[in-house]
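Notes for the one structure printed next.
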2 protein chains.
Amino acid sequence: MVKKKNTKGSAKKEIIKNSAAKLFKEKGYSAASMRELASSVGVEAASLYNHINSKSELLHTICYNVAERFISNIDEVEKQEEKAIVKLERLLRFHISEMLDHYEEVYVSDREWRQLDEPYLDEYRELRRDYRKRFSAIIQLGIDEKEFKEIDSNTAVMIFLNAMGAIDQWHRIVHKIERLALEDNFITLLLEGIKK
Amino acid sequence: MVKKKNTKGSAKKEIIKNSAAKLFKEKGYSAASMRELASSVGVEAASLYNHINSKSELLHTICYNVAERFISNIDEVEKQEEKAIVKLERLLRFHISEMLDHYEEVYVSDREWRQLDEPYLDEYRELRRDYRKRFSAIIQLGIDEKEFKEIDSNTAVMIFLNAMGAIDQWHRIVHKIERLALEDNFITLLLEGIKK
DNA sequence: AACTTAGACTAACGTTTGTTAGTTTCAGAT
DNA sequence: ATCTGAAACTAACAAACGTTAGTCTAAGTT
């Protein structure tokens with residue numbers, strides 16, 4: 001008797017994916033066990049495999065989902081005929097709202113992607129490199145057009161990307177200060193530093 | 001026959017600690033195995049225990065070493081009778097040079113401290129909270145004295161601390177652009193954003 | 001020459017890991 | 001009432017884990 005695997009979005013699969021994201025975020029991918037995940041879903045470990053194929057598939061799904069959103073966003077930003085500073089602001093605002101709306105997933109994809117196994121690890125590394133390059137090109141454009149200071153664009157990208165990483169404490173803070181206020185704080189600090 | 005443990009700084013223990021930092025950085029603490037560490041030191045896994053007491057002790061040492069340096073630095077900064085902007089610049093420059101000089105250790109302490117076990121995990125969480133508070137107080141001082149813009153000081157701290165997290169790619173970049181240039185890029189971007 | 005000891009080794013331990021096999025359950029369709 | 005199939009279960013697997021016990025080696029001290 002062969003079992004069919006749910007390829008489409010069953011409700012349970014979604015629950016597992018979400019629980020996994022939360023667990024991976026709290027413990028780290030490697031330290032999180034399938035038995036722990038199972039119990040957080042309210043099921044035995046073996047039962048998970050009625051819905052998923054492997055632990056690594058869960059991480060893969062999380063990482064590639066996030067990557068896809070960021071890439072399709074920068075696709076759009078590049079298309080627009082705007083000044084570099086507008087493009088940069090759009091990128092930053094997208095980063096912020098992604099973090100607020102997809103907290104665990106974005107966090108996990110950022111800190112745990114190294115645990116992907118080949119060939120996806122290499123491919124993912126390439127995706128990240130590519131994204132940074134395109135981000136950097138937008139900044140360089142701003143520098144060339146005298147909109148921005150003459151800083152090293154790669155350094156700037158890294159600062160921007162990593163500034164976004166503090167999601168952990170954010171979630172606590174976002175209840176205290178308003179979401180929009182947070183966003184503006186961010187934009188102020190990061191954008192004013194680069195403006196000429 | 002009871003074996004004495006090397007409590008003082010044997011050369012081998014230092015080698016193990018450094019290899020551990022490098023390995024923990026590359027694979028993550030949980031995914032890194034003692035057998036892997038041993039082989040990177042050129043020894044069998046069991047032999048490591050002639051020099052160390054446990055895997056978790058290695059992480060503990062790394063994290064607390066780093067914490068001690070950061071705390072004693074902010075101790076000094078607080079003592080100085082200077083404007084907030086000078087204090088902030090000193091903090092930022094210290095962060096940067098720590099990352100450049102103690103690459104792996106700082107990276108590991110920042111990303112893997114959650115893998116500490118109790119009671120050190122709680123204690124370390126407290127140390128981090130305390131550091132952020134003191135950092136935040138310095139920024140708030142600058143706001144009160146009208147040196148800085150009226151941003152949320154906690155948000156600013158998080159941006160600053162996390163901007164520092166991009167050490168990974170830095171090490172590659174620091175060979176391309178000069179160390180001092182990197183530092184100045186950083187200071188420009190982060191400090192100009194907050195200045196009034 | 002005999003003794004000591006640091007530090008390597010091999011072998012093994014008890015756990016925990018991700019995962020598979022095979023069985024049971026039970027709601028919905030016939 | 002019977003059949004079906006998804007999804008739970010129990011039991012077990014082999015592999016990998018951190019760690020311990022006990023032994024061997026070789027350099028240094030007496």
Side-chain angles (χ1 to χ4, degrees), chain A residues 1-21 23-24 26-63 108 112 114-118 120-121, chain B residues 1-21 23-24 26-63 108 112 114-118 120-121:
Chain A
M1 189 194 315
V2 181
K3 282 188 189 150
K4 260 193 264 176
K5 200 60 56 73
N6 248 332
T7 52
K8 285 230 159 189
S10 96
K12 200 66 174 246
K13 183 164 187 176
E14 210 61 27
I15 290 174
I16 293 173
K17 266 176 43 187
N18 292 338
S19 294
L23 188 63
F24 291 171
E26 268 156 23
K27 302 263 207 171
Y29 173 77
S30 289
S33 79
M34 295 302 276
R35 284 167 178 84
E36 227 173 337
L37 173 59
S39 111
S40 89
V41 173
V43 117
E44 290 298 316
S47 306
L48 295 173
Y49 290 84
N50 288 322
H51 304 93
I52 62 160
N53 292 310
S54 67
K55 185 188 184 188
S56 63
E57 183 201 58
L58 284 169
L59 181 62
H60 180 273
T61 304
I62 292 171
C63 288
V108 168
E112 303 291 339
R114 280 163 226 267
Q115 310 293 337
L116 288 168
D117 32 39
E118 301 291 5
Y120 303 112
L121 176 57
Chain B
M1 189 193 318
V2 181
K3 279 188 192 153
K4 262 193 264 176
K5 201 60 57 70
N6 249 334
T7 51
K8 285 230 160 189
S10 97
K12 200 66 173 249
K13 183 166 187 175
E14 210 62 27
I15 290 173
I16 293 174
K17 266 176 43 186
N18 291 339
S19 293
L23 188 63
F24 291 171
E26 269 155 23
K27 301 264 207 169
Y29 173 78
S30 288
S33 80
M34 295 302 277
R35 285 169 176 85
E36 225 173 341
L37 174 58
S39 111
S40 89
V41 173
V43 116
E44 289 299 316
S47 307
L48 294 174
Y49 290 85
N50 288 322
H51 306 279
I52 62 160
N53 291 311
S54 67
K55 184 188 185 187
S56 63
E57 184 200 58
L58 284 169
L59 181 61
H60 180 273
T61 303
I62 291 171
C63 288
V108 168
E112 302 291 338
R114 279 164 227 265
Q115 310 293 337
L116 288 167
D117 33 38
E118 300 292 5
Y120 304 112
L121 176 57

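In what follows, every chain begins at residue 1, and chains take the letters A, B, ... in the order their sequences are listed.
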Starting from [atom2] on [N], measure out to [atom1] on [X] and report it in whole angstrom.
{"X": "B/Ile16", "N": "C/dA8", "atom1": "CD1", "atom2": "C1'", "value": "12 Å"}
{"X": "A/Glu44", "N": "C/dT24", "atom1": "CD", "atom2": "P", "value": "17 Å"}
{"X": "A/Lys27", "N": "C/dT17", "atom1": "NZ", "atom2": "C1'", "value": "14 Å"}
{"X": "A/Lys13", "N": "D/dA8", "atom1": "NZ", "atom2": "C1'", "value": "18 Å"}
{"X": "A/Asp117", "N": "C/dG18", "atom1": "CG", "atom2": "P", "value": "13 Å"}

Counting just side-chain N and O atoms, does [X] come under 4.0 Å of either OP1 or OP2 of [N]?
{"X": "A/Ser47", "N": "D/dA7", "result": "no"}
{"X": "A/Lys12", "N": "D/dA6", "result": "no"}
{"X": "A/His51", "N": "D/dA8", "result": "yes"}

Problem set entry | Any B/Leu58 side-chain heavy atom under 4.5 Å of B/Leu37 side chain | yes
Atom pairs, protein N/O to nucleotides 15-20 of chain D N/O, distance under 3.5 Å:
from	atom 1	to	atom 2	distance (Å)
D/dG18	OP1	B/Ala32	O	3.3
D/dG18	OP1	B/Met34	N	3.4
D/dG18	OP1	B/Lys55	NZ	3.0
D/dG18	OP2	B/Met34	N	2.8
D/dG18	N7	B/Arg35	NH1	2.9
D/dG18	O6	B/Arg35	NH2	3.0
D/dT19	OP2	B/Tyr49	OH	2.5
D/dT19	OP2	B/Lys55	N	2.8
D/dT19	O5'	B/Tyr49	OH	3.3

Exercise. Do B/Asn50 and C/dA8 share a donor-acceptor pair, side chain to base, under 3.5 Å?
Worked result: yes
Exercise. Taking only residues two or more places apart in sequence, or in another chain, which ones meet A/Lys17 in a salt bridge (Lys or Arg N to Asp or Glu O under 4.0 Å)?
Worked result: A/Glu14
For this session: Sequence neighbours left out, what passes salt bridge (Lys or Arg N to Asp or Glu O under 4.0 Å) with A/Glu57? Give chain and number order.
Result: none
Problem set entry | Pairing residues for B/Ser39 by the side chain to side chain contact (heavy atoms under 4.5 Å, CB included) criterion, not counting sequence neighbours | none
Exercise. Partners of A/Ala46 by side chain to side chain contact (heavy atoms under 4.5 Å, CB included), sequence neighbours excluded?
Worked result: none
Point-to-point distance, once rounded to the nearest 0.5 Å, from [atom1] of [X] to [atom2] of [Y]:
{"X": "B/Leu121", "Y": "B/Cys63", "atom1": "CG", "atom2": "SG", "result": "10.0 Å"}
{"X": "A/Tyr49", "Y": "A/Ile16", "atom1": "OH", "atom2": "CD1", "result": "10.5 Å"}
{"X": "A/Lys13", "Y": "A/Thr61", "atom1": "NZ", "atom2": "OG1", "result": "6.5 Å"}
{"X": "A/Tyr29", "Y": "A/Arg114", "atom1": "OH", "atom2": "CZ", "result": "15.5 Å"}

For this session: Would you sketch DNA chain C in dot-bracket for me? Only Watson-Crick or G-U wobble pairs with both distances under 3.5 Å count, crossing pairs as [ ], other-strand pairs as |, the rest as dots.
Result: ||||||||||||||||||||||||||||||
